[in-house]
Amino acid sequence: MTDDPLAPPLFAPPPLPEQERMAEAILFASVAPVSLAELFARMPEGSDPAEALAGLRQRYEGRGVVLAKVGDAWAFRTAPDLGHLMRREVVEERKLSRAAIETLAIIAYHQPVTRAEIEEIRGVAVSRGTVDMLLELDWIRLGRRRMTPGRPVTFVVTEQFLDHFGLESARDLPGIAELRAAGLLDGRPGPVVPGTGEDEDGLSEGQPELFED
Amino acid sequence: MTDDPLAPPLFAPPPLPEQERMAEAILFASVAPVSLAELFARMPEGSDPAEALAGLRQRYEGRGVVLAKVGDAWAFRTAPDLGHLMRREVVEERKLSRAAIETLAIIAYHQPVTRAEIEEIRGVAVSRGTVDMLLELDWIRLGRRRMTPGRPVTFVVTEQFLDHFGLESARDLPGIAELRAAGLLDGRPGPVVPGTGEDEDGLSEGQPELFED
Amino acid sequence: MADEWQEGPAIDTADRLSAEALIVDVDGFEGPLDLLLTLARTQKVDLRRVSVLHLAEQYLGFVDRVRGLRIELAADYLVMAAWLVYLKSRLLLPPDPTEEGPSAEDLAARLAFQLERLAAMRVAAARLMARDRLGRDRFARGLPEDMAVRRSVSFTATLLDLMRAYARIRTRDEFRPFSMNRDDVFTMEQALDRLRTLVGGTVGWTDLAAFLPEGWTSPARRRSATASHFAAVLELARNGQIDLRQAVTFGPLSLRRRPT
């Protein structure tokens, strides 16, 4: 097509700056975070989206819009310090009850966690509808069943949760390293205090698997 | 207001790079193109949105996303040469019909299950269209034939089903008691309208032979 | 404040006042652990160094005062109270070397751990909620690009839909007799249709039984047909299309086309 001797070979992947532009365009166009796999599928063959994203992230550092990592996916989001300019875009949120907020935090920090474990930590039964609401918000989902008697269902947080709270991964939860170091995320042998949850599902295995290295 | 030419104005406008960031974030988050007047109204007093836009436009020149003028207003747009990346299958999402979701639920909870068994549990006939649709969605597939007279086919859920519903395995589905305990269910039975399944298509007894393998 | 770090079980006036102030808000606690945590805070020491013995006394004192005011306490508060009485007695007695199981100090330490963990989770929850949140502090693209779209329909359902559907089916089970074969049901709409045409051809008073459809003779079918036709004639009478007459209670019902 071209007789420019400097033109790249027909089927070579586009040069990196061009790949950056492509990733930029794809991410800009999407509201939801775009996974690396999807970028890979949508960019020309031979592209290296991870590399392109690294360049892009650097380019947007300190800008009004920044590149955020959300789990395995990426999204452009406005810089948090400019939130005050966006008042008219604010979406009215359902007010979360204290129980819902605490339950969410316990799931995030202890995941995967069973209902009985949540109840042991809070010292009260998980109220009707709390889990329902967190599921509906898409902030939690069901994880693997615990391999203990009764095979209880566990809960884990979702990518939407990470996106909402601006976390790259559950490892980045505020203070999680300190809490872990203080032993506050460890399971302890059975609850000693009465009346804290039904203790129906062998709490001894309370070790979260998510943070294993 | 002050006549001291050296005194800084009471509310100094943010420096230009900061104004650029602000305009960038506002344009990004806005659901419609933003006019100069609106930018002016939303940015801190003394800002010069025209100047900020000029800088921004320059900054995005040659990028994957460009600043475009739309009538009297401004918006980010994908660079015209990258339009091919934006061709995507947009899928219109539709809720599954009640018949389909109930059939699917029965298959998930009872698999492998025959059509006659599904009908017995639902209390109404299962239409061919419902089963076909679930097959087409790749959420169910044929399991082993039942070794009973007539050797009816059975249905089981698929990998894709688990994927869609965020389950690790079908065994991770919560039991009814668990659902109720977690407050996921209303205690009262749903409205009972006998025989009003939307899909009674007069299926004869026995197993359909359309699923011959 | 120097006394922030003051240790020991001495109950000072401030503690008493704050413990009493708690009574007003007995409904404000989310269970005994929450109450214990609030009481522990009045000790004004690091939660790790809280005096569990003192805490048990605070709790039992609180429960006494609430009962003194004739306020009903939920059962789990009383269970906790009973357990704390037990713990307190074990903490006060010299350890019995022959006794099995965890020592009183272990039990106290575990209670302290639970309190510390609950407090830590609350701090974590607050920090989480204070983050820059999407839709409040950070925003997604407001104007996602119009793509060259090829439309296709995708059916979706959430896990919640699925579970609710299943629950619906299971709870319906108890009502199974209702999902009977509709072959034996004669609906009121059908009866209305029938009667509208049949009534036109009648002269004078006719027994309702004469209008019942043929072949509906089995007890179940007859009952259904009678019921629907009865409802239908009431409807027709209400609309002024027919007159109804019944000579005696439970006697046969006759009808005639209303003369126009």
Interface residues of residues 63-72 of chain A facing chain C - non-hydrogen atoms under 4.5 Å apart: none

Of the listed residues (C/Ala124, C/Gly31, C/Ala75), which shares the most heavy-atom pairs with chain A below a 4.5 Å separation? C/Ala124

Of all heavy-atom pairs linking A/Arg77 and C/Ala140, the shortest is NH1-CB, 3.1 Å

Taking ring pair (Phe, Tyr, Trp, His ring centres under 6.0 Å) as the test, write out the residues that go with A/Trp74, two or more places apart. none

Where on A/Ala79 is there a heavy atom nearer than 4.5 Å to chain C: the side chain, the backbone, both, or neither? backbone

Determine the option with the most heavy-atom pairs under 4.5 angstrom with chain C, choosing from A/Ile106, A/Val31, A/Leu82, A/Ile121. A/Ile121

Check whether the side chains of A/Ser35 and A/Glu38 place a donor and an acceptor atom closer than 3.5 Å, and report yes or no. no

Quick one: which of A/Ala75, A/Gly166, A/Gly83 has the most heavy-atom pairs under 4.5 Å with chain C, could you say? A/Gly166

Counting heavy-atom pairs under 4.5 angstrom with chain A, the leader among C/Ala125, C/Ala126, C/Ala120 is C/Ala125

Quick check on C/Leu87 against chain A: is it the side chain, the backbone, both or neither that has a heavy atom closer than 4.5 Å? neither

Just so I know, are the side chains of C/Leu36 and C/Leu111 near enough to count as touching, which here means a heavy-atom distance under 4.5 Å? yes

Sequence neighbours left out, what passes ring pair (Phe, Tyr, Trp, His ring centres under 6.0 Å) with A/Phe76? Give chain and number order. A/Phe28, A/Tyr60

Against chain A, work out which of C/Asp34, C/Leu37, C/Leu134 has the most heavy-atom pairs shorter than 4.5 Å and name it. C/Leu134

Salt-bridge contact A/Arg21-A/Glu18 (side-chain N to carboxylate O under 4.0 Å): yes

Please report, to 0.1 Å, the donor-acceptor pairs under 3.5 Å made by any side chain of residues 154-161 of chain A, with sequence neighbours excluded.
from: A/Thr154; atom 1: OG1; to: A/Arg144; atom 2: N; distance (Å): 3.4
from: A/Thr154; atom 1: OG1; to: A/Arg144; atom 2: O; distance (Å): 2.5
from: A/Thr158; atom 1: OG1; to: A/Asp138; atom 2: O; distance (Å): 2.5
from: A/Thr158; atom 1: OG1; to: A/Trp139; atom 2: O; distance (Å): 3.3
from: A/Thr158; atom 1: OG1; to: A/Gln160; atom 2: N; distance (Å): 3.3
from: A/Thr158; atom 1: OG1; to: A/Phe161; atom 2: N; distance (Å): 3.1

If you compare all heavy atoms of C/Pro102 against all heavy atoms of C/Leu107, which two are closest, and at what distance to 0.1 Å? CG-CD2, 3.8 Å

Mark yes or no for whether A/Arg151, through its side chain, and A/Arg145, through its backbone, hold a donor-acceptor pair below 3.5 Å. no

Can you say whether A/Ile101 sits under 4.5 Å from chain C via the side chain, the backbone, both, or neither, judging by heavy atoms? both

With a 4.5 angstrom heavy-atom cut-off, is it the side chain or the backbone of A/Leu27 that approaches chain C, or both, or neither? neither

Between A/His84, A/Glu136, A/Glu178, which residue shows the highest count of heavy-atom pairs closer than 4.5 Å to chain C? A/Glu136

Is the shortest distance from a Lys or Arg side-chain nitrogen in A/Glu168 or A/Arg57 to a carboxylate oxygen in the other one below 4.0 Å? yes

Determine, for C/Arg90 against C/Asp106, whether the closest basic-nitrogen to carboxylate-oxygen distance falls under 4.0 angstrom. no

